[in-house]
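One structure is given below, encoded as structure tokens.
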Amino acid sequence: MQSNNEEIIQIKDLTKIYQDGLPALCNINLSIKKGEIFALLGPNGAGKSTLINIICGIVRPSAGEVYIGTSEIRKDYRMARSAIGLVPQELVTDMFERVIDTVNFSRGLFGKPQDPARTQKVLQDLSLWDKKDAKIITLSGGMKRRVMMAKALIHDPKILFLDEPTAGVDVNLRRDMWDMVRELQKTGVTIILTTHYIEEAQEMADRIGIINQGKLILVEEKNELMKKLGKKKLVLNLRTPLTKDISDLPLESSPDQLQLTYTYVMGNEEGISHIMRHLDERGIDYKDIRTEESSLEDIFVGIVGTKL
Ligand SMILES: Nc1ncnc2c1ncn2[C@@H]1O[C@H](COP(=O)(O)OP(=O)(O)OP(=O)(O)O)[C@@H](O)[C@H]1O
Ligand SMILES: [Mg+2]
């Protein structure tokens with residue numbers, strides 16, 4: 001969870017129009033709280049990478065401002081940049097370099113003296129220590145991605161951007177990376193990630209922003225989002241097909257009349273006892289009962305109209 005409500009990034013009226021003239025970002029306003037994990041969700045081409053790349057000073061905005069603490073990124077570029085680590089969506093590094101050299105080089109870029117103990121710790125945390133002398137080109141895709149993470153972390157940034165950090169990474173490794181991100185959060189690092197894996201946002205994020213066609217259409221605490229928009233279903237499987245009239249009850253029956261479903265807003269369970277009492281009174285007997293929860297995926301589809 002975030003440690004406090006202090007804002008570490010402020011984005012004001014940010015717009016980006018690339019040369020082709022189409023707006024990739026329209027008037028984005030967003031504040032990121034110190035110590036939180038913020039997940040940016042959106043379909044391909046929504047503007048996620050553009051937003052991250054502007055904050056990191058890689059893409060120039062067409063209009064608007066971004067502050068890291070009190071530094072405006074274009075006016076105080078070095079200060080802003082040294083606070084940030086970025087794991088870009090596309091792997092960009094010299095493939096013929098050794099792992100340890102490319103990581104140390106990244107630290108040097110920020111004017112920090114080499115620190116062998118720090119390099120070792122970062123590489124060990126990412127299970128890359130035994131590959132430290134390997135050329136990057138000889139590594140697997142998941143390992144290359146972890147090298148990018150090592151490069152982003154080596155100068156001890158206060159804010160870490162992860163643009164699709166686990167795309168193409170297997171499930172076990174993905175879990176390891178999530179654990180590592182949580183550990184980083186415990187040390188006070190603020191984390192902003194983009195992802196196509198709803199499960200990743202659902203599991204990791206304190207807050208979620210949904211972006212579509214360059215517009216930030218919703219920003220919400222994850223738990224609030226789940227509570228507000230999450231639906232629950234109570235499903236009853238009957239012993240025999242339904243013959244009694246239940247049209248006065250808020251239930252849907254399956255075509256074979258063997259299943260009844262009650263859909264309700266999460267946290268609003270009081271309707272259940274009313275339904276159960278009425279079913280009892282009418283002698284409608286069920287053999288089992290279960291509840292189902294809607295996922296962030298269902299919520300996303302409900303808002304944006306498409307799957308991720
Ligand atoms: N360098 C560029 N020049 C021109 N247009 C660009 C450039 N980079 C991105 N765009 C356009 O800006 C829009 C947003 O792209 P962006 O890469 O930010 O999306 P994204 O949400 O990160 O998508 P994905 O999920 O595929 O990574 C797209 O329409 C894209 O074609
Ligand atoms: Mg992207």
Side-chain angles (χ1 to χ4, degrees), residues 9-30 32 37-66 68 73-74 77 80-81 84-93 141-142 144-149 151-152 157 159-169 174 177-178 181 190-205 207-220 222 225 295-297 299-308:
I9 302 177
Q10 280 188 55
I11 300 165
K12 293 188 175 165
D13 299 323
L14 193 69
T15 292
K16 175 66 187 177
I17 300 170
Y18 284 108
Q19 296 217 321
D20 57 14
L22 287 173
L25 292 176
C26 320
N27 227 12
I28 303 285
N29 285 285
L30 175 67
I32 303 291
I37 299 183
F38 187 91
L40 203 52
L41 281 176
N44 288 134
K48 304 181 294 297
S49 296
T50 300
L51 181 57
I52 284 188
N53 290 339
I54 289 175
I55 304 171
C56 294
I58 293 167
V59 169
R60 284 179 70 83
S62 307
E65 290 164 336
V66 178
I68 309 283
I73 49 162
R74 278 181 293 175
Y77 177 76
R81 195 64 192 84
I84 288 175
L86 166 67
V87 182
Q89 186 168 10
E90 311 289 343
L91 306 174
V92 276
T93 190
K144 287 189 187 114
R145 201 156 274 284
R146 280 181 282 154
V147 173
M148 299 307 292
M149 198 141 162
K151 280 164 70 80
I159 309 166
L160 181 66
F161 289 89
L162 301 162
D163 197 354
E164 309 275 346
T166 57
V169 169
R174 196 177 299 161
M177 285 178 80
W178 292 353
V181 168
T190 305
I191 292 138
I192 295 119
L193 59 95
T194 75
T195 182
H196 274 93
Y197 297 107
I198 294 266
E199 195 198 347
E200 191 155 81
Q202 199 162 337
E203 167 119 11
M204 300 282 298
R207 277 198 309 154
I208 289 176
I210 293 182
I211 185 167
N212 193 34
Q213 296 182 343
K215 296 195 181 79
L216 195 58
I217 50 183
L218 182 142
V219 176
E220 187 83 80
K222 179 189 64 194
L225 188 64
S295 64
L296 192 54
E297 176 88 53
I299 295 171
F300 185 85
V301 172
I303 293 171
V304 176
T306 58
K307 281 196 160 223
L308 266 184

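Just follow the structure's listing: the first ligand is 1, and inside any ligand the first atom is 1. Quick caveat: nothing in here was measured; it's all calculated off a predicted structure. This chain uses plain numbering: 1 for the first residue, then up along the sequence. Reckoned from all heavy atoms, side chains included, excluding hydrogens, waters and symmetry mates.
- Put simply, the side chain of Arg146 never gets that close to the backbone of Met149: no donor and acceptor are under 3.5 Å apart.
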Between Leu218 and Leu225, is the side-chain contact (heavy atoms from CB on, under 4.5 Å) condition met? List the steps. CA-CA 10 Å; Leu218 182 142; Leu225 188 64; 3.6 Å; yes

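- Atom CG of Asp163 sits about 10.0 Å away from atom OG1 of Thr195, to the nearest 0.5 Å.
- When heavy-atom distances to ligand 1 are checked against a 4.0 Å cut-off, Gln89 comes that close only through its side chain, counted from C-beta outward.
- Dense packing is recorded around NZ of Lys144, with more than 12 heavy atoms of other residues, nucleotides or ligands lying under 6.0 Å away.
- Residue contacts with ligand 1 do not include Gly42, since none of its heavy atoms lies under 4.0 Å from the ligand.
- Protein heavy atoms are absent from the space less than 4.0 angstrom from atom 30 (C) of ligand 1.
- Taking every heavy atom of Ala46 and a limit of under 4.0 angstrom, the matching atoms of ligand 1 come to 19 (O), 20 (P), 21 (O).
- With a 6.0 Å radius and a threshold of 12 heavy atoms from other residues, nucleotides or ligands, Gln213 has its CD atom at or below the threshold.
- Going from atom CG of Leu40 over to atom CD1 of Ile52 covers 6.0 Å, rounded to the nearest 0.5 Å.
- Protein heavy atom at the shortest distance from atom 3 (N) of ligand 1 is Tyr18 CD2, 3.5 Å.
- The nearest protein heavy atom to atom 18 (O) of ligand 1 is closer than 4.0 Å.
- Taking backbone and side chain together, Gln89 holds an N, O or S atom under 2.8 Å from the Mg ion (ligand 2).
- Using a 4.0 Å cut-off to heavy atoms of Thr50, the atoms of ligand 1 that qualify are 14 (C), 15 (O), 16 (P), 18 (O).
- Every N/O-N/O distance between Ala24 and ligand 1 stays at or above 3.5 Å.
- Look at Asn44 and the Mg ion (ligand 2): no N/O/S atom of the residue is under 2.8 Å from the metal.
- Checked by atom type and distance alone, the side chain of Lys48 never pairs as donor or acceptor with a backbone atom of Leu41 at under 3.5 Å.
- The backbone N or O of Asn27 sits nowhere less than 3.5 Å from a side-chain atom of Asp13 that would complete a donor-acceptor pair.
- Looking only at protein heavy atoms, the nearest one to atom 25 (O) of ligand 1 is Lys48 NZ, 2.7 Å.
- Nearest protein heavy-atom neighbour of atom 26 (O) of ligand 1: Asn44 ND2, 2.8 Å.
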side-chain contact (heavy atoms from CB on, under 4.5 Å) between Leu86 and Ile58, intermediate numbers included: CA-CA 10 Å; Leu86 166 67; Ile58 293 167; 3.2 Å; yes

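- For atom 14 (C) of ligand 1, the closest non-hydrogen atom on the protein side is Gly45 O, 3.3 Å.
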